[in-house]
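Note that the coordinates shown come from a computational prediction; the quantities given were computed from them, not determined experimentally. Each chain gets a letter, A, B and so on, in the order the sequences are listed, and its residues count up from 1. FYI, side chains are in, hydrogens and waters are out, and symmetry mates aren't considered; it's all heavy atoms of this structure.
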There are 2 protein chains.
Amino acid sequence: MDHNVFDDPRITAIGLLFEASAGLSARFAAQFEEHGLSPVEFEVLMRLTRSPGHQLRMTDLAAQTSLSTSGVTRVVDRMERDGLLRRRACPSDRRSSYAVVTAAGLARLDETLPGHLQIIEQWFTGQLDPAALDSLLDGLRRVRDAVHPGATAGSTDPAPAHVPSAAGC
Amino acid sequence: MDHNVFDDPRITAIGLLFEASAGLSARFAAQFEEHGLSPVEFEVLMRLTRSPGHQLRMTDLAAQTSLSTSGVTRVVDRMERDGLLRRRACPSDRRSSYAVVTAAGLARLDETLPGHLQIIEQWFTGQLDPAALDSLLDGLRRVRDAVHPGATAGSTDPAPAHVPSAAGC
DNA sequence: GAGCAACTATAGCCGCAGCAATATTCCCTG
DNA sequence: CAGGGAATATTGCTGCGGCTATAGTTGCTC
């Protein structure tokens, strides 16, 4: 029990990261639900809204989220049924289709975002003084860049740097 | 586009936290799979093994993981079928039952842990010099303590402080 | 000691999401 | 321009896990 694995600083470190992350996720989910959104739906709304024309091809949307292409198909199904999104055929490539944010989708996002930002501030960024926060973010950025989830990532990147295949459309 | 929400420092911050966390999760999942474990199964194995007698009542196990009680029932079903765990009736309370780690379960954990620790070091703790790491962990601890996932948390706590109801057993 | 509320584990039902298979379309090569 | 390989979206199938209902057990109160 002297060099118990459970006391290993690495276990402690990863525990802190995951608990902080999970705790925030739970707060977010609760607030999203108040506005009739699931976490994935919010993420989809964010990704699409920040994209040019408030739209993205299904594949590209999948690449920018934590979802597979079939997962995207179903989320877009639900959100289209709820009027938040709309499918649009790609004129130049008849295999592709766009998911486009509707006015209702934009409104829903606008209605959800203030509370979301407030929660981030209350439970995360506001918990630390500016210097400590910078320090934390620097560390996270280092880790993020190292582990680079590839498709899962990109939230901070203004453009995915990929610009995969939205060329002809 | 001047005060675009997407460029809000809070969005950037939470993006970094989630991407780092998700990236590490993905690495972990891949390594767990090499040893025939899912992330939840690994978590269950860790929680039980660090508990006195390598066992925990189903309810307490649920409280210490990200699972509901019915979720625990099913995970334990699977792991019992695979020989990693074993159910044991609680002698003093016939409603309760224990999940106990078997020798095979311990062996599986021992076989999985070194690689797990190595991944943590390679992609997380080893990415930063000691001072920066301390800084990062301090920040995370602050956030963790604030958001305190309640049941979901506890990974770093040697004892859950609760010591819920394992009294009579 | 009978009744009742709280607790414990489980089973039914459901939605979600990944993988693999499929149909369609595109593009490149000969 | 014919044919084959790659890309795109969708669907079937599966496993996972939460919520709710249920059955059994406990302890408390009258």
Quiz item: Taking atom C1' of D/dG24 as reference, at what distance in whole Å does atom CG of B/D93 sit?
Solution: 11 Å
Self-check item: Integer-rounded Å distance: C/dG18 P and A/D77 CG
Solution: 14 Å
Exercise. Compare side-chain N and O positions of A/R78 against OP1 and OP2 of C/dC16 and report whether any pair is under 4.0 Å apart.
Key: yes
Quiz item: How close or far is atom P of C/dA9 from atom CG of B/L85, stated in whole angstroms?
Solution: 14 Å
Exercise. Report yes if at least one side-chain N or O of A/R74 is closer than 4.0 Å to OP1 or OP2 of C/dC16; otherwise report no.
Key: no
Practice problem: Let me know, please, whether A/V75 or B/M58 comes out on the 5' side of the other along DNA chain C by nearest nucleotide. | Solution: B/M58
Quiz item: Only one of A/H148, A/R141, A/R144 forms a side chain to side chain donor-acceptor pair (under 3.5 Å) with B/E19, so which one is it?
Solution: A/R144
Quiz item: Rounded to whole angstroms, how far apart are CG on A/L67 and C1' on C/dC19?
Solution: 14 Å
Exercise. Ignoring hydrogens and angles, answer whether the base of D/dC19 and the side-chain atoms of B/S68 contain a donor-acceptor pair closer than 3.5 Å.
Key: no
Quiz prompt | Interatomic distance, B/E43 CD vs D/dC16 C1' [rounded to whole Å] | solution = 15 Å
Practice problem: Mind telling me whether A/H116 and A/F42 have parallel, tilted or perpendicular rings, with 30° and 60° as the class edges? | Solution: tilted
Practice problem: With heavy atoms under 4.0 Å as the rule, sort A/S97 into base, sugar-phosphate or nothing. | Solution: sugar-phosphate
Quiz item: How is B/V72 classified with respect to the nucleic acid when contacts are heavy atoms under 4.0 Å: base, sugar-phosphate, or nothing?
Solution: nothing
Quiz item: Taking atom C1' of C/dC16 as reference, at what distance in whole Å does atom CZ of A/F32 sit?
Solution: 17 Å
Quiz item: Between D/dT10 and A/R87, is there an OP1 or OP2 to side-chain N/O distance shorter than 4.0 Å?
Solution: yes
Quiz item: Side-chain N or O of B/R94 less than 4.0 angstrom from OP1 or OP2 on D/dG24?
Solution: no
Quiz item: Going by modelled atom types, is there a donor-acceptor pair between the base of C/dC19 and the side chain of A/S70 at under 3.5 Å?
Solution: yes
Quiz item: For C/dC27, does either OP1 or OP2 sit under 4.0 Å from a side-chain N or O belonging to A/R95?
Solution: no
Quiz prompt | Interatomic distance where OH belongs to B/Y98 and P belongs to C/dT10 [whole Å] | solution = 14 Å
Quiz item: Any side-chain heavy atom of B/R87 within less than 4.5 Å of one from B/D77?
Solution: yes
